[in-house]
Amino acid sequence: MIKGFIFDLDGVITDTAESHYKAWKKLSDDMGWNFDHEVNDKLRGISRMDSIQVILDHNNTTLDEKTLATLATKKNDIYVTSLETMTPDDYLPGAKELLTHLRTEGFSVALGSASKNAIKVLQQLNASGYFDVIGDGNSVSKSKPEPDIFLYGAEKLNLQPEECIVFEDAESGIDAAKAGGFHSVGIGPKDRVGHADLRFDTMAEATLFEIKSYFKDLF
Ligand code: BG6
Ligand code: MG
């Protein structure tokens with residue numbers, strides 16, 4: 001039986017992908033690196049340090065660890081500054097409605113994000129109250145596609161993976177959910193999250209009614 005839900009944050013609750021893009025783009029421009037939306041899409045769900053490595057590989061460049069860390073911090077400063085303008089109006093359409101519905105129906109809800117800025121984003125959205133457990137980029141050391149962040153959330157909710165549905169917009173996030181034995185809902189195009197158990201183009205279609213209809217034997 002489904003008792004809990006674990007949500008990714010960036011790209012599921014709110015659209016931070018564009019803010020991450022702008023911050024990486026500014027850094028890349030300063031460094032003379034190529035960076036576009038296609039590369040940015042590959043960064044969905046993966047950690048900050050893994051992200052800068054993807055950008056370096058794309059540019060056939062190598063840098064020492066210390067320089068990498070400095071540049072990742074520079075990108076993060078740009079990103080965090082951009083979060084200041086985020087408000088409770090910045091949920092992706094449908095996200096707030098689904099979280100509210102899950103609360104009223106008494107489901108357990110956890111956040112399972114790779115971001116070290118997740119608490120800041122939740123504060124800007126005024127969304128912290130929707131979550132019983134917050135798993136973020138500081139909670140586990142192995143990031144998606146490893147299942148650790150979702151296993152962390154399930155354990156803190158006192159649930160088994162098969163009692164939880166994971167919501168993800170990243171290919172690596174669906175991989176992580178599957179690796180952990182979770183049911184999965186993908187948000188986005190088929191070529192990114194088509195391997196999820198159930199997929200919606202956007203959160204606006206991901207109503208509790210639709211979810212219960214699909215996973216009907218589990219409710
Ligand atoms: C994920 C995003 O949620 O968090 C990634 O999808 C991002 O794009 C990752 O790289 C880490 O975020 P942060 O805020 O710790 O740099
Ligand atoms: Mg995401």
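Read the numbers this way: they start at 1 and go in the same order the structure lists the ligands and their atoms.
- When all heavy atoms of A177 and S184 are compared, the pair lying nearest together is CB-CB, 4.1 Å.
- Ion pairing of K178 with D175 is absent here, as no side-chain N (NZ or NE/NH1/NH2) approaches a carboxylate O to less than 4.0 Å.
- Distances below 4.0 Å separate heavy atoms of S51 from the following atoms of ligand 1: 10 (O).
- The nearest protein atom to atom 2 (C) of ligand 1, hydrogens excluded, is given as D10 OD2, 3.5 Å; this is a heavy-atom distance.
- Of all protein heavy atoms, the one lying nearest to atom 16 (O) of ligand 1 is R48 NE, 2.7 Å.
- A heavy-atom separation below 4.0 Å is found between G45 and ligand 1.
- For the residue pair K75/H20, the side-chain donor-acceptor check at 3.5 Å is satisfied.
- Salt bridge present: E163 and K3 bring a charged side-chain N and a carboxylate O closer than 4.0 Å.
- A salt bridge between R199 and D201 is present, with a side-chain N of the basic residue lying under 4.0 Å from a carboxylate O of the acidic one.
- Polar contact with ligand 1: present for N117 (N/O pair, distance under 3.5 Å).
- With no hydrogens or angles considered, no side-chain donor-acceptor pair links E210 and S213 at under 3.5 Å.
- When non-hydrogen atoms are compared, ligand 1 lies under 4.0 Å from the backbone of I46 (N, CA, C, O) but not from its side chain.
- Side chains of L218 and H183 form a contact here, defined as non-hydrogen atoms less than 4.5 Å apart.
- The proximity of K116 to ligand 1, defined as any non-hydrogen pair under 4.0 Å, involves the side chain as well as the backbone.
- Residue S115 touches ligand 1 through backbone and side chain together, judged by heavy-atom distances below 4.0 Å.
- Take the Mg ion (ligand 2) and draw a sphere of radius 2.8 Å; the protein N/O/S atoms inside it number 3.
- In this structure, Y130 and Y91 have perpendicular ring planes: the angle between them is above 60°, well past the 30° mark.
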Report, one line per pair, each donor and acceptor closer than 3.5 Å where one atom sits in a side chain of residues 4-14; sequence neighbours left out.
| residue | atom | partner | partner atom | Å |
| --- | --- | --- | --- | --- |
| D8 | OD1 | K144 | NZ | 3.0 |
| D10 | OD1 | T16 | OG1 | 2.4 |
| T14 | OG1 | D90 | O | 2.7 |

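- The single protein non-hydrogen atom nearest to atom 8 (O) of ligand 1 is L43 O, 2.9 Å, given as residue, atom name and distance.
- Side-chain N/O atoms of H37 and E18 include a donor and acceptor closer than 3.5 Å.
- Atoms of ligand 1 found under 4.0 Å from any heavy atom of R44 (numbered from 1 in listed order, with element): 6 (O).
- Checking N117 against N76 by side-chain atom types alone, a donor-acceptor pair falls below 3.5 Å.
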